[in-house]
Asks: 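Pasting a structure here, questions to come.
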Amino acid sequence: MMSQQHEDPNDTNRHRNLLRIGQVYSLPPRADRDRQARWQQATSNKNVYTTHKGVTFMKRHKNLAFLTSGAVAAVLALAVWFGLGATATVSADVILENFKAALGRKLTINIEDIDLGNVAVNGEIVLDRKGNWLNEATDTLYSELHVTLKADNPDWNDLDGAIVVCQSPDHAWTYCRGNGGSTNGLFAPRRVIESDYLIKGRQWREFMENPLGGFGAMPLSLSFSSGASQVTYRFPVAQRTYVQQLLYFLLLNLGNAESADHVIEALKASAGDVVVERNDDMSWVLRASDIKQIGALKLPEPVEVPDIEALMKEHVTTVTYDQRRRGISKIHYGALPEPLSRLGVSIASHNFQGSKPGSVEALMDQLEPSSEVVASDQISESEWEIQVKGFPVELDTSGIDWTNKILPGLMGDLDLLVYYDAKTKSVQRAEFLGIGSKEGKITLELGEAHLDPARLEWDDWIKDCTDSDEEANNSVPWVLRNCTEIFDRRGSR
């Protein structure tokens, strides 16, 4: 049991953080003998590489006895930098130990050009801590994430979704844009106006637990139409999981002192090749390539596609038939079978042909060959609701396709660069390259947390028109209103 003098009031928070880290972070399998040998070779003094500016390391010569006294003095001076083994003393282990020491303190994370195809992510996370541990009473925490949803029709604009979370001793709010949208079809090119909202109150813990939660279900699939022109924006489950796991790594692993040892050991175990390169006289760069895993983000096993046809035979759809229109007026899809919804499969459209029968009986006759009518009920003078098992629908399996075909290529180009300053004997910057695409990059500015005080205010985010949540709920649905919905229900916690 700890003595009274060593008790720390933050132990409870640390314990909770460790439990949370354990839920999203797993140590990769132990490296095989070949990988361990390459790592040991990279960290030994006699196998450190230099590739910059044609600089050549000194080689040990057998006939040192012929050196003059001046030459001996020069060799002794160089030994301070290159070590008595006649090569650099700055090893991979030295750099990574300094990298580990810098984690869990002040940190600025820049996220650039993470392009997943139909989705692109950019942003910045600033952790301005007064100590080694997160303290909501004294620290300033700021995150601004932009998620661009690309239109599948070039006539429409892309959507710039954003989640901004601010928490400081004097400010606490969350802004979200892109949880929905509206269009009146009068714009050229056709545009969607994203809905947005602002929540006043402390939200940082919720953000760490679910960084994309503010979007709700909107990013999964959102469609609009104007006349004959249609557009769909998608952020399928597989891509959303990829981004979530990346943010967990940045927030829970790199952003916590408790996980520093675990982070470094995991990177060493998952890196295929590690070299140390001399940048100039006072700086060195460690490059770890062929990284198989960072945090919970790793190359997944191929997704096994279940028997979709058999599962959909039991899926129930409710069809509304309108006698006055002599056709189907509405279709309500029930929840997809769990094996499909878990994989991010969604209903794209129905392909039922001949939706203009002259009566409800004729509609049932058309449905029977491929479906099973399980119930029917007249709900008004001219409308019937018909429950149909196995109603023919077209499914969107793009998430499975992305996981099996695209994700392995994205995980294959991941590199880590750690910059070491020999003068200060510290690591002040690190970069993850090849995140999401070859251009994707995450930069870590260690020990830096500069934030313009103006960014702590929400004024630049909300639109000129603002609504309370009650006003928004009471507004006429068909009126296009470009307003920010303001929630006051959550106070400081």
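The shown structure was predicted, so the numbers you read here are calculated from the model rather than taken from an experiment.
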Asks: How far apart are the closest heavy atoms of D158 and A151, and which atoms are they?
Replies: OD1-N, 2.9 Å
Asks: May I ask you to test the D115-K150 pair for a side-chain heavy-atom distance under 4.5 Å?
Replies: yes
Asks: If I compare all heavy atoms of A449 with all of L107, which pair ends up nearest, and what's the gap?
Replies: CB-N, 4.5 Å
Asks: Are V164 and Y142 packed together at the side-chain level, in the sense that at least one heavy-atom pair is separated by less than 4.5 angstrom?
Replies: yes
Asks: side-chain contact (heavy atoms from CB on, under 4.5 Å) between I114 and L246: does it pass, once the steps are laid out?
Replies: CA-CA 11 Å; I114 299 179; L246 178 61; 3.6 Å; yes
Asks: Tell me, which pairs form a side chain to side chain donor-acceptor pair (under 3.5 Å) where one or both residues lie in residues 116-129, sequence neighbours left out?
Replies: K106-D128, N118-Q239, E124-R455
Asks: Could you tell me which non-hydrogen atom of H315 sits nearest to which non-hydrogen atom of G334, and how far apart they are?
Replies: NE2-O, 2.8 Å
Asks: Output yes when a side-chain donor or acceptor of R240 lies under 3.5 Å from a complementary backbone atom of L212, and no otherwise.
Replies: yes
Asks: Which heavy atom in V147 sits nearest to a heavy atom in F235, and how many Å separate them?
Replies: CG1-CE2, 3.8 Å
Asks: Might you work through the side-chain hydrogen bond (donor to acceptor under 3.5 Å, both in side chains) test for S426 and D421, ending with a clear yes or no?
Replies: CA-CA 5 Å; S426 65; D421 187 328; 5.5 Å; no
Asks: Answer whether the closest heavy-atom distance between the side chains of Y197 and I486 falls below 4.5 Å.
Replies: no
Asks: To the closest 0.5 Å, what do you measure between OG1 (T397) and CG (L340)?
Replies: 10.0 Å
Asks: Pair up each side-chain donor or acceptor in residues 302-312 with any protein partner under 3.5 Å, not counting sequence neighbours, and list the distances.
Replies:
unit_1	atom_1	unit_2	atom_2	d
D307	OD1	E309	N	3.4
D307	OD1	A310	N	3.1

Asks: Taking N98 for its side chain and V94 for its backbone only, find out whether a donor-acceptor pair lies under 3.5 Å.
Replies: yes
Asks: side-chain contact (heavy atoms from CB on, under 4.5 Å) between I442 and N110: does it pass, once the steps are laid out?
Replies: CA-CA 6 Å; I442 294 177; N110 289 294; over 6 Å; no
Asks: Any side-chain heavy atom of S229 within less than 4.5 Å of one from R190?
Replies: yes
Asks: Treating N153 as the side-chain partner and Q230 as the backbone partner, does any N or O pair qualify as donor plus acceptor under 3.5 Å?
Replies: yes
Asks: Taking all heavy atoms of A137 and all of P169, pick out the closest pair and write down the distance.
Replies: O-CG, 3.4 Å
Asks: Apply the test side-chain hydrogen bond (donor to acceptor under 3.5 Å, both in side chains) to residues Y420 and Q428: give CA-CA distance (whole Å), side-chain angles for both, the deciding distance (0.1 Å), then the verdict.
Replies: CA-CA 7 Å; Y420 177 78; Q428 298 174 343; over 6 Å; no
Asks: Quick one: are N253 and H262 in side-chain contact, heavy atoms under 4.5 Å?
Replies: no
Asks: If you measure only the distance, is there a donor-acceptor pair under 3.5 Å linking the side chains of S223 and T232?
Replies: yes
Asks: Please confirm whether the backbone N or O of N279 pairs with a side-chain atom of S283, one donor and one acceptor, at under 3.5 Å?
Replies: no
Asks: After noting the C-alpha distance and the side-chain angles of T320 and I331, does the key distance pass the side-chain contact (heavy atoms from CB on, under 4.5 Å) rule?
Replies: CA-CA 6 Å; T320 302; I331 297 178; over 6 Å; no
Asks: Walk me through whether D152 and R234 qualify under salt bridge (Lys or Arg N to Asp or Glu O under 4.0 Å).
Replies: CA-CA 9 Å; D152 66 355; R234 302 188 194 281; 5.1 Å; no
Asks: Is the shortest side-chain heavy-atom distance between D415 and F432 below 4.5 Å?
Replies: no
Asks: Search all heavy atoms of L251 against all heavy atoms of P211 and return the closest pair with its distance.
Replies: CD1-CG, 4.2 Å
Asks: Please report the C-alpha distance between D196 and Y175 in whole Å, then the side-chain angles of each, then the deciding distance to 0.1 Å, and finally whether the side-chain hydrogen bond (donor to acceptor under 3.5 Å, both in side chains) criterion is met.
Replies: CA-CA 7 Å; D196 64 341; Y175 172 82; 2.8 Å; yes
Asks: What I'd like to find out is whether the side chain of V192 reaches to under 4.5 Å of the side chain of Y233, using heavy atoms alone.
Replies: yes
Asks: Do W461 and E144 come within less than 4.5 Å of each other through their side chains, counting heavy atoms only?
Replies: yes
Asks: Okay, side chain of W284, backbone of S91: is any donor-acceptor separation there less than 3.5 Å?
Replies: no
Asks: Start with the C-alpha gap between Q244 and Y242, add the side-chain angles, then the distance that decides, and say whether side-chain hydrogen bond (donor to acceptor under 3.5 Å, both in side chains) holds.
Replies: CA-CA 6 Å; Q244 290 271 35; Y242 179 93; over 6 Å; no
